[in-house]
Amino acid sequence: MHRVRFAPSPTGYLHIGSARTFIFNWLYARHNGGTMILRIDDTDVERNTQASLDSIFEGLKWLELDWDGEVYRQSERGELHAASARQIFEAGHAYRDFTPARVESEDAADSGHGGWLFNPGMRELSREESDRRASAGEPFVLRFLVPRETRESVAFTDLVYGPQTKATADIEDFALLRSSGMPTYHMASCADDADLKITQIIRGQDHLTNTFKHQLIFEALGVEPPQFAHLPLLIAPDGAKLSKRKHGPVVSVTTYRDAGFLPHAFVNFVCLLGWSPKDDRERMTRRELLDIFSLEGVNRSNATINFSETEPFDPKAVWLNAETIRNLPVDELSAELLPFADASFGWIPGSGPEPQRLVPEDKIRRLVPLVAPLIRERIKLLGDIRDAADFFFLPTVHPDPLELIPQKGDAAMAALVLQEAEVALAEATFTHDGLDAALRASAEKLKIKAGQMFQPIRVAVCGRKNAPPLFETLEVLGKDICLERIAAARKLL
RNA sequence: GUCCCCAUCGUCUAGUCGGCCUAGGACAUCGCCCUUUCACGGCGGUAACGAGGGUUCGAAUCCCUCUGGGGACGCCA
């Protein structure tokens, strides 16, 4: 039986690292027919926000990842945590430390405070004195009494990193309960994992050294510790662990969503960071992913995710997204594209808090399925529709007169082409074949190359040189708009 | 500072017990082809075993040292 959990703390939006931890847990659970539990680690009341919690749920919903109904909040399980702490204390594995809290000093970790293990005098306090001071109301933290005298080391076998041991002499007396009575992360997490019968804890490698402490807690609680699998960390191009504070919105899952990533492309990309199917496969469906996922394929070294000021997304993620777009059936792609089209073209830019419609919704709705097949090979993100398809939606285009001039031609040729095009198109059937026949005949008549014929027309109707294939484009635009735009372009010459 | 982890192309990675590795794939990049533009697609190129010692007939693969990188060391999670 496999029971895994995803345990985010709601102190910021859902970021890529957390999403990956979720995905690996999810894959593990689904692959093994296990259960996936969601647990909100919200013991730090100071830093928790509802907005952050919303963002986490929103992100998971977008990724189309589910869990098995059970959602727990640590803040509602205080009694369990307290009881567990009491149990450890009564069993003699913890002691009260009445030392006042250390004041927030910046480099606490490296300013000569190196090998801190415990506060002097506190381990030795007799039970009577400890009880007396506690009942007198003196504040204390409950610390784990690391068994340095009776035991050399703590060991466990990580499912990814293999056998791990750490000398008890290197483990400090960590806190279980704060002076407020609230449990620390270590206490709450282990008490819950034990109570919820979690069998595998799959989490970031930044917890690897914490695991020795957790091992100790489980033992003190008298329960069999779960198995652990630590995942290599995701690091930024600057070499540091990915963090919201340092690297900004690019680490947020919603940033990917808003730019027009498809959920599965994102999941696919994230899976490739620190895990490999070992057979050179890169694009995988969700089905394939969960069929072949295994902790054995998880790597041990950290993975750099590439992004920069100019390219906010890892090029491989973008490629994967483009591939996914190209392989989507037109109707599905259209549905995905619709909100982006509406946001890009539907409204008058900067029309204030109550935006005004620029293009009617039904027009956008009608056009998107026609445009989708023409741009699917030309966009990498759904949001690219804004630049790739503007001329289909916007009422007017503004061609650069210089661009109307064809290769190895001049303004006179452009004028001639447009004049001829106007005549030919007025007669032509607006289908791919009809337009093909009409315009090639025109080129022949003018004794110019097909390309020279097409370029001025393309620029006239699209407003620029780079656009989807001409005939399909003209067909979607329709005769009226094409003739109108060609006439307008002629005036520019 | 103390402890832990890691180390193959720019990036993500393959490399089961050491020989089949003159190190494979993908992205990115460069070139060519296809082509009405842009894309897509096809073909090809550049590009890596951090260093030094061992062990061995033979090491990217095993051991040691160094170096480099990351992480943890909080009454945060």
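Throughout, a chain's letter reflects where its sequence line sits, starting with A, and its residues are numbered from 1.
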Would you be so kind as to tabulate the donor-acceptor pairs closer than 3.5 Å made by side chains of residues 399-408 of chain A, with sequence neighbours excluded?
| residue | atom | partner | partner atom | Å |
| --- | --- | --- | --- | --- |
| D400(A) | OD1 | L402(A) | N | 2.9 |

B/S/- along nucleotides 16-24 of chain B (protein heavy atoms under 4.0 Å) is --------B

Counting the atoms with a prime plus P, OP1 and OP2 as sugar-phosphate, which does F471(A) contact under 4.0 Å by heavy atoms, base, sugar-phosphate, or nothing? base

Could you list the protein-to-nucleotides 27-29 of chain B atom pairs, N/O on both sides, closer than 3.5 Å?
| residue | atom | partner | partner atom | Å |
| --- | --- | --- | --- | --- |
| C27(B) | O2' | K316(A) | N | 3.3 |

Contacts of L145(A) meeting side chain to side chain contact (heavy atoms under 4.5 Å, CB included) (sequence neighbours excluded), chain-then-number -> Y95(A), R123(A)

Residues at least two apart in sequence or cross-chain that pass side-chain hydrogen bond (donor to acceptor under 3.5 Å, both in side chains) with R143(A), listed by chain then number, are D97(A)

Residues at least two apart in sequence or cross-chain that pass salt bridge (charged side-chain N to carboxylate O under 4.0 Å, His left out) with D387(A), listed by chain then number, are none

For D170(A), the side chain to side chain contact (heavy atoms under 4.5 Å, CB included) test, sequence neighbours excluded, returns K166(A), A167(A)

Expected list for residues 180-189 of chain A near RNA chain B, using heavy atoms below 4.0 Å, is T184(A), Y185(A), H186(A)

Atom pairs under 3.5 Å, N or O on each side, protein against nucleotides 59-66 of chain B: can you list them with distances?
none

Please list, for nucleotides 68-70 of chain B, all pairs of protein and nucleotide N/O atoms separated by less than 3.5 Å.
| residue | atom | partner | partner atom | Å |
| --- | --- | --- | --- | --- |
| G70(B) | OP1 | G239(A) | O | 3.4 |
| G70(B) | O2' | N302(A) | ND2 | 2.9 |

Residues in residues 151-167 of chain A with a heavy atom under 4.0 Å of RNA chain B, by number, are Y161(A), Q164(A), K166(A)

The correct set of residues in residues 397-411 of chain A placing a heavy atom under 4.0 Å from RNA chain B is none

